[in-house]
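In what follows, a single structure is set out as structure tokens and then discussed.
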Amino acid sequence: MSHALASRLDAVQPSATLAMTAKAQELKAQGRTIYTFGVGEPDFATPEHIRRAAAEGLAKSSHYTAVTGTASLREAICLATERDRGWRPSPENVTVGVGAKHVLFNLAMVLCEPGDEVVIPAPYWVSYPEQWRLFGGVPKFVQTRVEQGFLMQPEDLERALTERTKAVILCTPSNPTGAAYSRDELLGLVEVLRRHDCYVIVDEIYADLVYDGFEHASVARLAPDLMDRLVVVDGVSKSYAMTGWRIGWGIAPPALTKALAKVQGQSTTNPTAVAQIAAEAALRGPRDAVLHMREAFSARRKKMVEGLRAIEGIRCDLPRGAFYAFPDVTGLYGIRHGDRVLATDDDVALWQLDVCGIAAVAGTPFGAPGHIRFTYASAENVIDEALAALSRAVADARRG
Ligand code: PMP
Ligand code: GLU
């Protein structure tokens with residue numbers, strides 16, 4: 001008998017966002033003051049009416065549900081998609097999973113043959129390439145540029161597509177850059193995608209979190225002609241402060257939906273019954289809490305970006321959406337940290353954790369060396385305090 005682990009894991013890195021969160025929690029447990037800008041999740045509690053619906057729903061939650069989610073949750077998802085994203089899917093095309101990450105994972109499992117290419121604009125969310133690598137997929141990264149707001153350009157997308165391309169993954173608004181495509185910018189990409197027969201996976205989990213009047217644009221609405229190969233991934237984690245409930249979904253063509261159901265039927269059986277009740281209450285209920293949280297994120301975004309910009313050696317643009325600032329920190333290279341000199345984004349992340357107690361994730365695992373991702377889903381006074389500490393640490397280091 002061999003005790004070796006399956007070799008498919010060798011190609012995969014552990015999640016860097018979760019690793020930084022674990023490190024920050026460990027330091028906190030030791031009694032250190034830690035400013036947590038690491039993991040991407042709202043600091044708000046799930047709104048009261050949603051928790052109440054879940055409490056009341058407990059009595060009805062003792063049993064398995066349909067594999068892809070209850071009929072009434074899938075109907076609620078379709079109604080909310082029409083209200084919030086401007087197009088109406090049908091419930092048979094919805095698969096509810098244990099978070100959007102689970103749905104994305106299952107998509108990689110059902111789509112990827114070894115050697116298949118998946119086109120991913122960089123910087124990207126850490127889990128996209130790893131999920132595909134687990135199934136032998138080959139990520140093809142399209143580098144975006146800070147001067148172009150980290151938006152993928154149609155000609156760069158065109159160059160990355162080959163006959164081996166199985167799927168393109170778009171994330172708008174993006175984790176980690178906060179870049180979001182306007183209608184026209186998205187149409188430019190759609191033009192290219194129309195000419196190449198591959199799946200288009202659009203992750204819209206941050207679509208409710210856009211600022212300063214920016215309007216989120218959905219590929220499904222702009223290009224219904226792509227529907228037979230389009231997959232929309234969405235969920236309640238970010239908009240409704242429900243990360244712990246683990247409910248997300250995919251809206252996909254019938255054959256793909258059947259495949260996702262097959263995988264789920266042999267793995268999780270169904271997403272947790274009471275969490276489905278909570279998600280349904282979120283989608284059918286009032287939107288005030290979502291708008292209130294968005295307002296709060298918008299103010300924090302300005303505070304975070306302005307605070308970072310005021311520090312010599314840090315450059316940062318104002319993102320259109322999500323809740324991340326993604327500054328270039330290469331201007332901090334050269335600072336001494338013990339017997340080392342900062343020379344990478346990872347060095348800077350570890351230095352600021354050590355010296356200021358700031359937990360934020362280095363850019364390299366997002367495909368963006370030289371950057372650090374600061375989640376600004378934290379109270380404004382926490383952002384103020386942390387940035388003041390960082391500013392002092394940089395000034396002290398420069399005085400040397
Ligand atoms: N997509 C993106 C871009 C994300 O940042 C996240 C956050 N974890 C997810 C998907 C997954 O969200 P969840 O699994 O909590 O629904
Ligand atoms: N999406 C969040 C992040 O990027 C949550 C953690 C994760 O699932 O990676 O931090």
Side-chain angles (χ1 to χ4, degrees), residues 12-25 36-44 46 69 73 77 94-108 118 120-132 150 169-181 201-210 216 231-251 264 268 271-272 275-276 278-279 282-283 297 319-326 349 359-368 371-378:
V12 178
Q13 294 297 318
S15 164
T17 50
L18 301 186
M20 178 47 98
T21 312
K23 194 177 278 177
Q25 273 162 356
T36 40
F37 303 132
V39 73
E41 67 175 340
D43 58 328
F44 297 104
T46 303
L73 173 56
I77 288 168
V94 177
T95 307
V96 183
V98 185
K101 189 188 258 181
H102 178 225
V103 175
L104 286 159
F105 182 92
N106 286 351
L107 281 168
V118 56
I120 305 175
Y124 44 80
W125 179 41
V126 293
S127 294
Y128 297 145
E130 303 313 316
Q131 290 178 341
W132 280 70
F150 287 118
I169 304 182
L170 289 178
C171 181
T172 180
S174 149
N175 175 4
T177 63
Y181 295 88
I201 299 173
V202 190
D203 183 344
E204 300 194 342
I205 198 145
Y206 295 99
D208 286 319
L209 302 176
V210 288
H216 170 77
V231 187
V232 177
V233 176
D234 209 330
V236 289
S237 283
K238 317 289 172 172
S239 309
Y240 299 90
M242 290 181 70
T243 46
W245 297 86
R246 312 305 305 125
I247 294 289
W249 55 86
I251 306 170
Q264 220 155 264
T268 57
T272 304
Q276 294 188 60
L283 296 172
F297 290 139
R320 285 175 173 171
F323 39 53
Y324 307 105
F326 200 59
V361 192
T364 297
F366 297 98
H371 292 258
I372 289 193
R373 190 192 77 173
F374 290 77
T375 305
Y376 53 79
S378 310

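Each residue takes its place number in the sequence, starting with 1. We count ligands from 1, going down the list as the structure has it; atoms in each ligand are counted the same way.
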Within-shell test, K238 vs ligand 1, heavy atom, strictly < 4.0 Å: yes
How are the rings of F366 and F326 set to each other: parallel, tilted or perpendicular (split at 30° and 60°)? perpendicular
A100 N/O to ligand 1 N/O under 3.5 Å: yes
For N175, the ligand 1 atoms whose distance to one of its heavy atoms is below 4.0 Å: 3 (C), 4 (C), 5 (O)
Assess C171 for proximity to ligand 1: is some non-hydrogen atom of it under 4.0 Å away? yes
Against ligand 1, does Y128 come closer than 4.0 Å with any heavy atom? yes
Please confirm whether I205 approaches ligand 1 to less than 4.0 Å, judged on its heavy atoms. yes
Heavy-atom contacts with ligand 2 below 4.0 Å: which residues, ordered by chain and residue number? T17, L18, V39, G40, K101, W125, N175, Y206, K238, Y324, R373
Residue pair M242 / S237, side-chain heavy-atom distance below 4.5 Å: no
Do any heavy atoms of G99 fall under 4.0 Å from ligand 1? yes
Under 4.5 Å between any side-chain heavy atoms of V210 and P173, yes or no? yes
N/O of S237 under 3.5 Å from N/O of ligand 1, yes or no? yes
Rounded distance [0.5 Å steps], CZ in F323 versus NZ in K238: 5.0 Å
Euclidean distance, H102 NE2 relative to L107 CG, rounded to 0.5 Å: 10.0 Å
May I have the step-by-step check of side-chain hydrogen bond (donor to acceptor under 3.5 Å, both in side chains) for D208 and Y240, ending in yes or no? CA-CA 9 Å; D208 286 319; Y240 299 90; 4.9 Å; no
Within-cut-off N or O pair, T243 and ligand 1, under 3.5 Å: no
May I ask you to check if ligand 1 and R246 share an N or O to N or O distance below 3.5 Å? yes
for atom 11 (C) of ligand 1, nearest protein heavy atom and its distance come out as K101 N, 3.6 Å
For ligand 1, the portion of E41 having any non-hydrogen atom under 4.0 Å away: neither
With rounding to the nearest 0.5 Å, note down the distance linking OG1 in T36 to CD in Q25. 8.5 Å
The closest protein heavy-atom partner of atom 1 (N) of ligand 1 is D203 OD2, 2.6 Å
Apply the test ring pair (Phe, Tyr, Trp, His ring centres under 6.0 Å) to residues Y206 and Y324: give CA-CA distance (whole Å), side-chain angles for both, the deciding distance (0.1 Å), then the verdict. CA-CA 11 Å; Y206 295 99; Y324 307 105; 5.6 Å; yes
At what distance, to the nearest 0.5 angstrom, does CG of D234 lie from CD1 of I251? 7.0 Å
Taking the side chain as C-beta and beyond, is there a heavy-atom pair between I201 and L170 under 4.5 Å? no
Tell me: protein heavy atom nearest atom 4 (C) of ligand 1, and distance? Y206 OH, 3.6 Å
I'd like to know if the side chain of W245 pairs up with that of T46 as donor and acceptor (distance under 3.5 Å, no hydrogens or angles considered). yes
Side chains of Y124 and N175: any donor to acceptor distance under 3.5 Å? no
So V39 and M20, do their side chains get closer than 4.5 Å, heavy atoms only? no
Of all the non-hydrogen atoms in the protein, which one sits nearest to atom 9 (C) of ligand 1, and at what distance? W125 CH2, 3.4 Å
